[in-house]
Novice: 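This is the structure I have questions about; it appears just below.
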Amino acid sequence: MTSVLLVDDQRLVRSGFRLILALEDDLDVVGEAGDGVDAVAAARELRPDVVLMDVQMPVMDGIEATRRIVAEDLSRVLVLTTFDDDAYVFDALAAGASGFLLKNADADHLVEAVRTVADGHGLLSPQVTRRVVERMVARVTAGPVQAPAVRDAVTPPSAPGLDRLTAREHEVLVQVGRGLSNAEIAAELYLGEATVKTHVSNVLSKLHLRDRVQAVVYVHRHGLQDGPDPA
């Protein structure tokens with residue numbers, strides 16, 4: 001049984017999610033919260049397997065609540081978002097969220113998302129990843145330092161653990177950072193999908209990353225998406 005904590009400032013939204021999850025024999029909604037402060041308190045008390053977390057809430061937003069829940073290792077967090085209104089999605093990932101769920105997702109996607117995160121996998125579809133990457137790149141290029149200068153300044157030693165990767169693992173890491181699925185990486189690099197899965201697993205292990213969501217954050221935090229290939 002997978003326990004779930006629902007966090008959203010709209011009672012009707014929480015009720016809707018509860019009704020959907022209640023239909024599944026393996027999912028159990030153990031609590032609800034209407035803001036980030038209550039979410040952290042409920043996570044400490046209930047220790048749910050997954051927290052379904054809204055971003056924009058009163059008192060404490062979902063980003064700070066996610067950061068505290070992950071820092072205390074209380075639960076995995078699945079962030080609820082709408083790209084039209086939410087400019088802080090990447091911050092939620094950097095805070096340790098295990099993935100995204102769009103608020104307009106259908107019931108099947110909601111159920112599958114909760115199960116995926118509960119099983120320890122990051123949930124970041126290629127489409128969502130690319131939107132996150134676009135926002136991250138926009139932030140960099142909008143800053144006082146031009147993007148090429150940023151890329152030139154980033155060298156492999158600035159990315160901890162990168163020297164542990166093989167050349168092929170480095171290639172796979174870059175493709176993960178670009179938002180490609182295992183199947184798309186396999187096609188891009190002319191590899192079998194099972195081989196790509198093994199490389200991704202090795203990359204996560206060597207870089208001490210929890211899941212491919214953290215891999216996306218790693219790639220863009222260290223400017224590796226356009227960086228030179230390892231020697």
Side-chain angles (χ1 to χ4, degrees), residues 1-83 85-86 88-89 92-93 95-129 131-132 181-182 197 200-201 204 209-216:
M1 184 68 71
T2 296
S3 56
V4 183
L5 172 65
L6 303 178
V7 183
D8 195 292
D9 61 338
Q10 298 182 47
R11 186 185 300 273
L12 286 176
V13 172
R14 300 199 306 271
S15 297
F17 286 142
R18 178 182 282 274
L19 288 173
I20 292 171
L21 298 179
L23 296 175
E24 305 300 321
D25 294 337
D26 60 328
L27 303 180
D28 180 26
V29 177
V30 295
E32 299 182 15
D35 61 62
V37 171
D38 288 346
V40 175
R44 287 171 177 160
E45 177 185 356
L46 301 171
R47 296 298 180 105
D49 297 309
V50 177
V51 175
L52 202 57
M53 179 77 75
D54 189 20
V55 173
Q56 296 179 336
M57 297 182 295
V59 186
M60 178 190 292
D61 65 28
I63 294 173
E64 180 59 27
T66 295
R67 183 177 294 110
R68 297 189 185 191
I69 288 171
V70 172
E72 295 184 34
D73 197 23
L74 301 175
S75 176
R76 288 180 170 267
V77 179
L78 178 58
V79 172
L80 293 165
T81 184
T82 56
F83 280 106
D85 300 327
D86 182 9
Y88 305 103
V89 175
L93 285 179
S98 291
F100 291 115
L101 181 68
L102 299 181
K103 279 194 171 181
N104 61 357
D106 58 31
D108 289 341
H109 284 148
L110 169 63
V111 170
E112 185 61 29
V114 171
R115 287 174 177 155
T116 297
V117 170
D119 286 341
H121 303 293
L123 181 76
L124 202 59
S125 70
Q127 179 184 10
V128 174
T129 303
R131 295 295 297 272
V132 175
S181 65
N182 286 350
K197 185 176 181 180
V200 171
S201 178
L204 298 181
L209 302 174
R210 184 180 62 245
D211 49 42
R212 66 192 301 134
V213 173
Q214 285 196 339
V216 171

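Position 1 is the first residue of the sequence, and the numbers go up from there.
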Novice: Identify the two heavy atoms, one from Met53 and one from Ala39, that lie closest to each other, and give their separation to 0.1 Å.
Specialist: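 Reported closest heavy-atom pair: CE-CB, 4.3 Å.
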Novice: Using a 4.5 Å cut-off on heavy atoms from C-beta on, say whether the side chain of Asp106 contacts that of His109.
Specialist: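 In short, these two side chains touch, coming nearer than 4.5 Å.
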Novice: Applying salt bridge (charged side-chain N to carboxylate O under 4.0 Å, His left out), name anything that partners Asp28, two or more places apart in sequence or on another chain.
Specialist: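 With sequence neighbours excluded, Asp28 shows a salt bridge (charged side-chain N to carboxylate O under 4.0 Å, His left out) to no residue whatsoever.
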Novice: I'd like to know whether CG of Leu12 has more than 12 heavy-atom contacts from other residues, nucleotides or ligands below 6.0 angstrom.
Specialist: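 Not more than 12 within 6.0 Å, no.
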Novice: Considering non-hydrogen atoms only, spot the tightest contact between Val55 and Leu80 and give its length.
Specialist: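 For Val55 and Leu80, the tightest heavy-atom pair comes out as CG2-O, 3.5 Å.
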Novice: Could you check whether any side-chain N or O of Asp61 sits under 3.5 Å from a backbone N or O of Glu64, counting only pairs where one atom can act as donor and the other as acceptor?
Specialist: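 Answer holds: yes.
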Novice: Are the side chain of Ser75 and the backbone N or O of Arg47 linked by a donor-acceptor pair below 3.5 Å?
Specialist: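 A pair under 3.5 Å: no.
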Novice: Nearest 0.5 Å, please: how far is OG1 in Thr66 from CG in Leu74?
Specialist: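 Taking CG in Leu74 and OG1 in Thr66, the distance rounds to 11.5 Å.
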Novice: For residues Arg14 and Asp9, report the shortest heavy-atom separation together with the two atoms involved.
Specialist: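 That would be NH1-C, 4.1 Å.
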Novice: Can you spot which of Val4, Thr2, Val50, Asp26 makes a side-chain contact (heavy atoms from CB on, under 4.5 Å) with Leu21?
Specialist: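 Single side-chain contact (heavy atoms from CB on, under 4.5 Å) partner of Leu21 among Val4, Thr2, Val50, Asp26: Val4.
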Novice: Restricting to non-hydrogen atoms, name the atom on Leu204 and the atom on Ala215 that form the minimum distance, rounded to 0.1 Å.
Specialist: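 So the two residues come closest at CD2-CB, 4.0 Å.
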Novice: So does Lys197 get a backbone contact from the side chain of Ser201, meaning a donor-acceptor N/O pair under 3.5 Å?
Specialist: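 Checking the backbone N and O of Lys197 against the side chain of Ser201, no donor-acceptor pair under 3.5 Å is found.
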Novice: Test Val7 against Glu32 for side-chain contact (heavy atoms from CB on, under 4.5 Å), laying out the working first.
Specialist: CA-CA 6 Å; Val7 183; Glu32 299 182 15; over 6 Å; no
Novice: To check you understand the geometry: which heavy-atom pair defines the closest contact between Asp25 and Met1, and what is its length?
Specialist: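 It is O-CE, 3.0 Å.
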Novice: Listed by chain and number, what are the salt bridge (charged side-chain N to carboxylate O under 4.0 Å, His left out) partners of Arg44, not counting sequence neighbours?
Specialist: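 For Arg44, the residues satisfying salt bridge (charged side-chain N to carboxylate O under 4.0 Å, His left out) (neighbours in sequence not counted) are Glu72.
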Novice: Work out which heavy atom in Arg76 is nearest to a heavy atom in Val117; give both atom names and the distance.
Specialist: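 So the two residues come closest at CD-O, 3.0 Å.
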Novice: What residues, two or more places apart in sequence or in another chain, satisfy salt bridge (charged side-chain N to carboxylate O under 4.0 Å, His left out) together with Glu24?
Specialist: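 Expected list: Arg115.
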Novice: Is it the case that atom CG in Asp73 sees more than 12 heavy atoms from other parts of the structure closer than 6.0 Å?
Specialist: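 No - once you tally the heavy atoms of other residues, nucleotides and ligands closer than 6.0 Å, there are 12 at most.
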Novice: For the CZ atom of Arg18 and the CG atom of Leu27, what is their distance to the nearest 0.5 Å?
Specialist: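 Reported value, rounded in 0.5 Å steps: 12.5 Å.
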Novice: Per the side-chain contact (heavy atoms from CB on, under 4.5 Å) rule, which among Val79, Asp8, Asp35, Val13 passes with Asp54?
Specialist: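 When Val79, Asp8, Asp35, Val13 are each tested with Asp54, the side-chain contact (heavy atoms from CB on, under 4.5 Å) holds only for Asp8.
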Novice: Could you state the interatomic distance from CG (Leu110) to CG (Leu78), rounded to the nearest 0.5 Å?
Specialist: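 So the gap between those two atoms works out to 8.0 Å.
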